[in-house]
Amino acid sequence: MEVSHKDDHITHAVITANETIGCKITENSAFFHMLSSTLYSNQKEAVVREVVCNAWDAHIEAGVDLPIEITLTDEKLTVKDHGKGIPKDRIGQIYGTYGESTKKHDGNQTGGFGLGSKAPWAYTEHFNVTSAHDGVKTIYNLNRSSADADGRPGITPIVSIPTTETGLTVEVNVIKEDLREFINTVQHIVINGGIKAIVNGRLLESIEYPQEGEFTLTNKLVNTHGRILLKYGNVIYPITINHPSIKSAAYQLEGLVNQL
């Protein structure tokens, strides 16, 4: 997902002699389909944002000062990083578990709910992940509705081969008519997010942000029409002001940001 939450969300405690009945989440296929397919209002933007930001996060985690590699054709979006890759015994935890994330307590990375890695399922029925880790490269097919998993999402290892590489490659099939929108979205997210990326063989010039703190306020980004935006991790959020009581404060904030 987009934001790391650090609170535990416990809000009430009731003193009683009776035992509390804990709620559960069902594992039926319809519920997984709802989580995968209807979570995002803009599915194409979500695919690009989550896959690209996850790749850049892999470089941050591994301390790799190299651009990620993004390739767009009229059939496929491919995003490759040079991070640590994912070991076989963790691929199910990361790509197959909803609500659990390795980034929960890191505001420098984009995530916190364990949903972003599944974003391609919002756009396509299946996608491929290739993980190079500890001398082994394994290709996985991730299916939104797997017959082998009773209609639930499934992860199937295809082949494993020796390698000297490390990192992760995500491949998502793209409908030809959506290619232009995917290209524009990749450029928008890379440039405004301050992400180093080679796109179709060309290094994009991204915005450089100050390193202090987790948040950055700005209104000088590309194709954002001068709106005030908040950068958290690598994701840009528009600040929307609707309540009359805070409009004057927003105008003062806009004046300060305009002076940056």
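Side chains included, hydrogens not; waters and symmetry mates left out as well; all remaining heavy atoms used. The chain is numbered in sequence order, starting from 1.
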A.B. asks: Just so I know, are the side chains of L77 and V47 near enough to count as touching, which here means a heavy-atom distance under 4.5 Å?
C.D. replies: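 Heavy-atom side-chain distance check passes, below 4.5 Å.
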A.B. asks: Could you check whether any side-chain heavy atom of I195 comes within less than 4.5 Å of a side-chain heavy atom of C53, counting everything from C-beta outward?
C.D. replies: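 In contact.
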A.B. asks: Do we see a donor-acceptor contact under 3.5 Å between the side chains of E69 and H82?
C.D. replies: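 Short answer, yes.
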A.B. asks: State the NZ-OG1 distance between K76 and T124, to the nearest 0.5 angstrom.
C.D. replies: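 Going from NZ on K76 over to OG1 on T124, the span is 11.0 Å.
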A.B. asks: For a 4.5 angstrom cut-off between non-hydrogen side-chain atoms, does H126 reach N173?
C.D. replies: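 Heavy-atom side-chain distance check passes, below 4.5 Å.
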A.B. asks: Any side-chain heavy atom of P157 within less than 4.5 Å of one from K88?
C.D. replies: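 Side-chain contact under 4.5 Å: no.
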A.B. asks: Answer yes or no: is there a side-chain heavy-atom contact under 4.5 Å between V51 and P120?
C.D. replies: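 When only atoms from C-beta onward are counted, P120 and V51 do touch, with a gap below 4.5 Å.
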A.B. asks: State whether the side chain of T166 and the backbone N or O of G83 hold a donor-acceptor pair below 3.5 Å, judged by distance alone.
C.D. replies: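 Here the side-chain-to-backbone pair exists.
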A.B. asks: Under 30°, 30 to 60°, or over 60°: which ring-plane class applies to F127 and Y95, parallel, tilted or perpendicular?
C.D. replies: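 Tilted: the ring planes of F127 and Y95 meet at 30° to 60°.
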A.B. asks: Do I68 and K80 pass the side-chain contact (heavy atoms from CB on, under 4.5 Å) test, and can you show the C-alpha distance, the side-chain angles, and the key distance before you say yes or no?
C.D. replies: CA-CA 6 Å; I68 62 175; K80 180 179 181 179; over 6 Å; no
A.B. asks: Could I get the full list of side chain to side chain contact (heavy atoms under 4.5 Å, CB included) partners for T71, not counting sequence neighbours?
C.D. replies: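 Checked T71 against side chain to side chain contact (heavy atoms under 4.5 Å, CB included); matches are T73, T78, N200.
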A.B. asks: Going from CD on E50 to NZ on K118, what distance comes out if it is rounded to the nearest 0.5 angstrom?
C.D. replies: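 Answer rounded to 0.5 Å: 10.5 Å.
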A.B. asks: Nearest 0.5 Å please: distance from the CG atom of N54 over to the CZ atom of R49.
C.D. replies: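 Interatomic distance, N54 CG to R49 CZ, rounded to 0.5 Å: 10.5 Å.
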A.B. asks: Within this structure, what is the OG-NZ distance for the pair S131 and K84, rounded to the nearest 0.5 Å?
C.D. replies: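 NZ of K84 is found 13.0 Å from OG of S131.
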A.B. asks: Is there a path of hydrophobic side-chain contacts, each under 4.5 Å between heavy atoms of I/L/V/M/F/W/Y residues, joining V64 to V199?
C.D. replies: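 No, no single cluster joins them.
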A.B. asks: Check whether any side-chain heavy atom of Y140 lies under 4.5 Å from a side-chain heavy atom of T130, and answer yes or no.
C.D. replies: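 Result no, sub-4.5 Å side-chain heavy-atom pair not found.
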A.B. asks: Are the side chains of I161 and V136 in contact, using a 4.5 Å heavy-atom criterion?
C.D. replies: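 Contact flag for V136/I161 side chains = no.
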A.B. asks: Flag yes if I70 and I198 sit in one hydrophobic cluster, no otherwise; membership is Ile, Leu, Val, Met, Phe, Trp, Tyr, and two members link when side-chain heavy atoms are under 4.5 Å apart.
C.D. replies: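 No, I70 and I198 fall in different hydrophobic clusters.
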A.B. asks: Write down the atom of G194, the atom of S206, and the distance for their closest heavy-atom approach.
C.D. replies: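 Where G194 meets S206 most closely, the heavy atoms are C-OG, 3.6 Å.
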A.B. asks: Identify the two heavy atoms, one from A46 and one from A119, that lie closest to each other, and give their separation to 0.1 Å.
C.D. replies: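 Answer, listing the atom of A46 first, then A119: O-CB, 3.9 Å.
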A.B. asks: Can you confirm whether L168 sits close enough to I86 that some side-chain heavy atom of one is under 4.5 Å from a side-chain heavy atom of the other?
C.D. replies: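 L168 vs I86: side chains touch.
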A.B. asks: Between CD of E205 and NZ of K196, what distance do you get to the nearest 0.5 Å?
C.D. replies: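 Reported to 0.5 Å precision, the distance equals 12.5 Å.
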A.B. asks: Given 3.5 Å as the limit, does a donor-acceptor pair link the side chain of T169 with the main chain of V79, or not?
C.D. replies: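 Not at all, since once roles are kept as given, no pair shorter than 3.5 Å links the two residues.
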A.B. asks: Taking all non-hydrogen atoms of both residues into account, name the closest pair between A197 and V190 and its distance.
C.D. replies: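 What the structure gives for the nearest pair is CB-CG1, 3.8 Å.
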A.B. asks: Would you kindly confirm whether V48 and I175 end up in one hydrophobic cluster when ILVMFWY residues are joined by side chain heavy atoms under 4.5 Å apart?
C.D. replies: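 V48 clusters together with I175.
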A.B. asks: Shortest non-hydrogen contact from T138 to S160?
C.D. replies: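 In terms of heavy atoms, the two residues are closest at OG1-OG, 2.8 Å.
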A.B. asks: What side-chain donor-acceptor pairs closer than 3.5 Å can you find for residues 177-187, not counting sequence neighbours?
C.D. replies:
from: D178; atom 1: OD2; to: Y123; atom 2: OH; distance (Å): 2.8
from: N184; atom 1: ND2; to: R180; atom 2: O; distance (Å): 3.4
from: T185; atom 1: OG1; to: E181; atom 2: O; distance (Å): 2.7

A.B. asks: Mark yes or no for whether W121, through its side chain, and L142, through its backbone, hold a donor-acceptor pair below 3.5 Å.
C.D. replies: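 Yes: the side chain of W121 pairs with the backbone of L142.
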A.B. asks: In Å and rounded to the nearest 0.5 Å, what is the NE2 to CZ distance from H133 to R90?
C.D. replies: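 Atom-to-atom, H133:NE2 and R90:CZ are 8.5 Å apart.
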A.B. asks: Between E165 and K137, is there a salt bridge with N-O shorter than 4.0 Å?
C.D. replies: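 Looking at K137 and E165, the cut-off is met.
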